[in-house]
Amino acid sequence: MRLVLALAAVLFTMAVLGLGLLRAAAYNPAEVGGTWSPPPGAPGVSGVPARCGDLPARATRQLRGMWLTTVLNIDFPSRKGLSQAQVKAEYEGWLDLAAAHRHNAIFVHVRPSGDAFWPSAYAPWSDWLTGKRDGKSPGWDPLAWMIDRAHARNLEFHAWFNPYRGSQPAPGGAGADFAQLAPNHPLRAHRDWAIAHPKGSTGRLYFDPGNPEARRFVEDAMLEAVQKYDIDGVHFDDFFYPYPKAGEDFPDDASYAKWGKGKARSQWRRDNVDTLVREMDQRIKELKPWVKFGISPFGIWRNKTNDPDGSDSKGLEAYDAIYADTRKWVQEGWLDYIVPQLYWHIGFDKADYAKLLPWWTRLVKDSGVQLYIGQADYRVGEEGAWSDPAELDRHLALDRKAGVQGEVHFSAKQIRADRLGSATRYRDKHYAAPALLPVMPQLPAAPPPAPRLTGTSRAADGSLHFAAESTPGPAAASWALYRVSGTAAALVATGRSGTQVADPKPPAGAAVYCLSGLDRSGNEGPLSEPLSIR
């Protein structure tokens, strides 16, 4: 332990002294690596149908999450430069909100613009956290702590990265001014990796997607977090090449001349993004094959007026405008999940939610890629359709009919605001009971054996606490508690292994319970023998 602490202290000191700049200057693309092997005899299936005694046990399988945005302090931290205690208190509040809405995942913005919410050898500390663009450490590791606290609530932690953004527009960010970057920002050491766009006050710096060295460095910067931390998912949103600006193209002439190899520039750009997505998928799985990889793209791939395979829509096309071939990523199986941002109301003439949803469900069918939908909580209260508090409720109803496997809501602040009571409405109708995460058969599987329920006690708040024992075999990552109701047992609570097994709202009279364990990938083992409570 002393040796580990001593090494940690050395590494921390090196980070404070600007190891990020040194790493950028002496960059070695082969440095990040590692392999994983499944334990002997680990199954490749998701367990057996659950039964509580002679009765079927039923649980909804559905991802429910929210985006916690750090850039511009949109959600968290509420402002720059807060103390460690203040940041922790705010984050605990967001986890309280997630728990109140019966979420089981949280998507946290840990690399908003070439920076980091962890001591990184590839990026400066985020000034949205520290309040300064000086690269100096705040003296603690927010990412490690945030993951630990999310796991304590049995929430999956998806680390959300913006791969290519190197800065944010001034005055809040550094803009396109290298002198305003942190001293250890990698684009200071490698200006040939940087592209400034657009011109004027809204300009920012990008890592050039067409430069293979820049792309590999960006990958390594993100994979550092995969390697060092117990994250559950790597998550991108829709920022690859920038969205179009009238009269101004992305100025990548130099890299196109060097690496374009005669391709049309639009296809070359798509190939560059494809390479990032494909390589990240491969490299994540080489490091930790249980870590999920997902992207939340713009909600329109192409319109069918331009491509017969496109959707019945008339909006901006990700394929042409930002060079994101989202359809190809699904078809090639480069993702574990996709979260299209369907931020439009039902009946919108240019992008009708009810027409785009079936396009996405058809795309993912038989692909092995799970479909969640990005929901526009931020639009509730706008004029027109969004003035109806039931709009999002109707979206989720369509999702259920279409077999969508979950939703992610943008963003946390909007859920907390609960405009028009919209968030409460869809929570009570669609997230009324807890849910288990959908199983991904491509991930490692080792369902634990049935645990044992050995006793109960009632707490002062009326909840019913259980004594439980594990049995020999693969360890459980989490637990699921079922209570018999009628002719089936229904899921009433979940938790991380090591936390108290409890029914928060038990019935006043007799009841019958069963407990199961789940592995890291959500595969459920057999349930315990029933325990009767009188």
Side-chain angles (χ1 to χ4, degrees), residues 1-2 4-21 66-100 105-162 168 172-174 181-185 221-222 224-232 411-413 416 496 498-499:
M1 179 61 73
R2 292 190 185 95
V4 171
L5 292 174
L7 288 172
V10 171
L11 291 173
F12 175 79
T13 302
M14 293 173 73
V16 172
L17 293 175
L19 182 59
L21 182 59
M66 62 184 180
W67 281 291
L68 189 63
T69 312
T70 59
V71 68
L72 302 176
N73 299 111
I74 290 174
D75 295 317
F76 164 78
S78 60
R79 63 180 187 276
K80 294 182 176 183
L82 294 181
S83 69
Q84 178 179 341
Q86 289 171 314
V87 172
K88 287 183 173 181
E90 287 191 358
Y91 184 72
E92 290 282 8
W94 292 119
L95 297 185
D96 288 342
L97 180 70
I106 189 166
F107 297 73
V108 183
H109 216 182
V110 298
R111 178 190 166 88
S113 43
D115 48 1
F117 271 68
W118 70 93
S120 175
Y122 297 84
W125 281 96
S126 177
D127 61 300
W128 309 112
L129 172 71
T130 66
K132 298 178 181 179
R133 287 194 294 275
D134 57 8
K136 292 183 179 179
S137 169
W140 63 296
D141 190 337
L143 182 54
W145 185 83
M146 289 190 295
I147 294 168
D148 180 72
R149 298 311 302 154
H151 285 172
R153 308 291 188 101
N154 202 32
L155 294 165
E156 274 200 336
F157 187 97
H158 291 245
W160 170 14
F161 304 90
N162 288 137
Q168 294 292 333
L181 297 174
N184 61 336
H185 196 294
M222 297 182 289
E224 180 192 45
V226 178
Q227 186 177 48
K228 290 173 59 177
Y229 296 95
D230 191 24
I231 64 174
D232 300 291
S411 66
K413 181 186 291 185
R416 185 174 65 185
R496 201 76 171 180
T499 62

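Remember, it's a predicted structure, so these values are computed and weren't measured experimentally.
- Considering only heavy atoms from C-beta on, Val108 stays 4.5 Å or farther from Phe117 through its side chain.
- Below 30°, between 30° and 60°, or above 60°: for Trp67 and Trp160 the angle between ring planes is between 30° and 60°, a tilted geometry.
- How far CH2 of Trp128 is from OG1 of Thr69: 12.0 Å, rounded to the nearest 0.5 Å.
- Gln86 places a side-chain heavy atom less than 4.5 Å from the side chain of Arg79.
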Problem set entry | Pair Trp140-Lys88, side chain to side chain contact (heavy atoms under 4.5 Å, CB included): steps then yes or no | CA-CA 11 Å; Trp140 63 296; Lys88 287 183 173 181; 3.6 Å; yes
For this session: Begin with the C-alpha distance, continue with both residues' side-chain angles, and end with the deciding distance and a verdict on side chain to side chain contact (heavy atoms under 4.5 Å, CB included) for Leu95 and Leu155.
Result: CA-CA 9 Å; Leu95 297 185; Leu155 294 165; 3.7 Å; yes
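- Checking side-chain atoms of Gln168 against main-chain N and O of Ser113 turns up no donor-acceptor pair under 3.5 Å.
- For Arg111 against Ala123, the heavy-atom pair with the smallest separation is NH1-CB, 4.2 Å.
- Side-chain contact between His158 and Ile231 is absent, with no heavy-atom pair separated by less than 4.5 Å.
- Formation of a donor-acceptor pair under 3.5 Å by the Asp115 side chain with backbone atoms of Pro124 is not found in this model.
- Residues Asp96 and Arg153 form a side-chain contact, since some pair of their non-hydrogen atoms from C-beta on lies under 4.5 Å apart.
- Judged by distance alone, with hydrogens and angles left aside, the side-chain atoms of Arg133 form no donor-acceptor pair with the main-chain N or O of Leu181 at under 3.5 Å.
- Nearest heavy-atom pair across Leu97 and Met66 is CD2-SD, 4.1 Å.
- Side-chain atoms of Asp75 come within 3.5 Å of backbone atoms of Lys413 as a donor-acceptor pair (strictly under, hydrogens ignored).
- Using a 4.5 Å cut-off on side-chain heavy atoms (C-beta onward), Trp125 and Pro119 make contact.
- Contact of the His109 side chain with the Phe76 side chain is not registered, since no non-hydrogen atoms from C-beta on lie closer than 4.5 Å.
- Considering only heavy atoms from C-beta on, Trp145 stays 4.5 Å or farther from Val87 through its side chain.
- Atom CH2 of Trp94 is separated from atom CE of Met146 by 13.5 Å, given to the nearest 0.5 angstrom.
- Within the 4.5 Å cutoff, the side chain of Leu129 has heavy atoms near those of the Pro138 side chain.
- Looking at Glu90, its side chain does come within 3.5 Å of a backbone N or O of Ser78 through a donor-acceptor pair.
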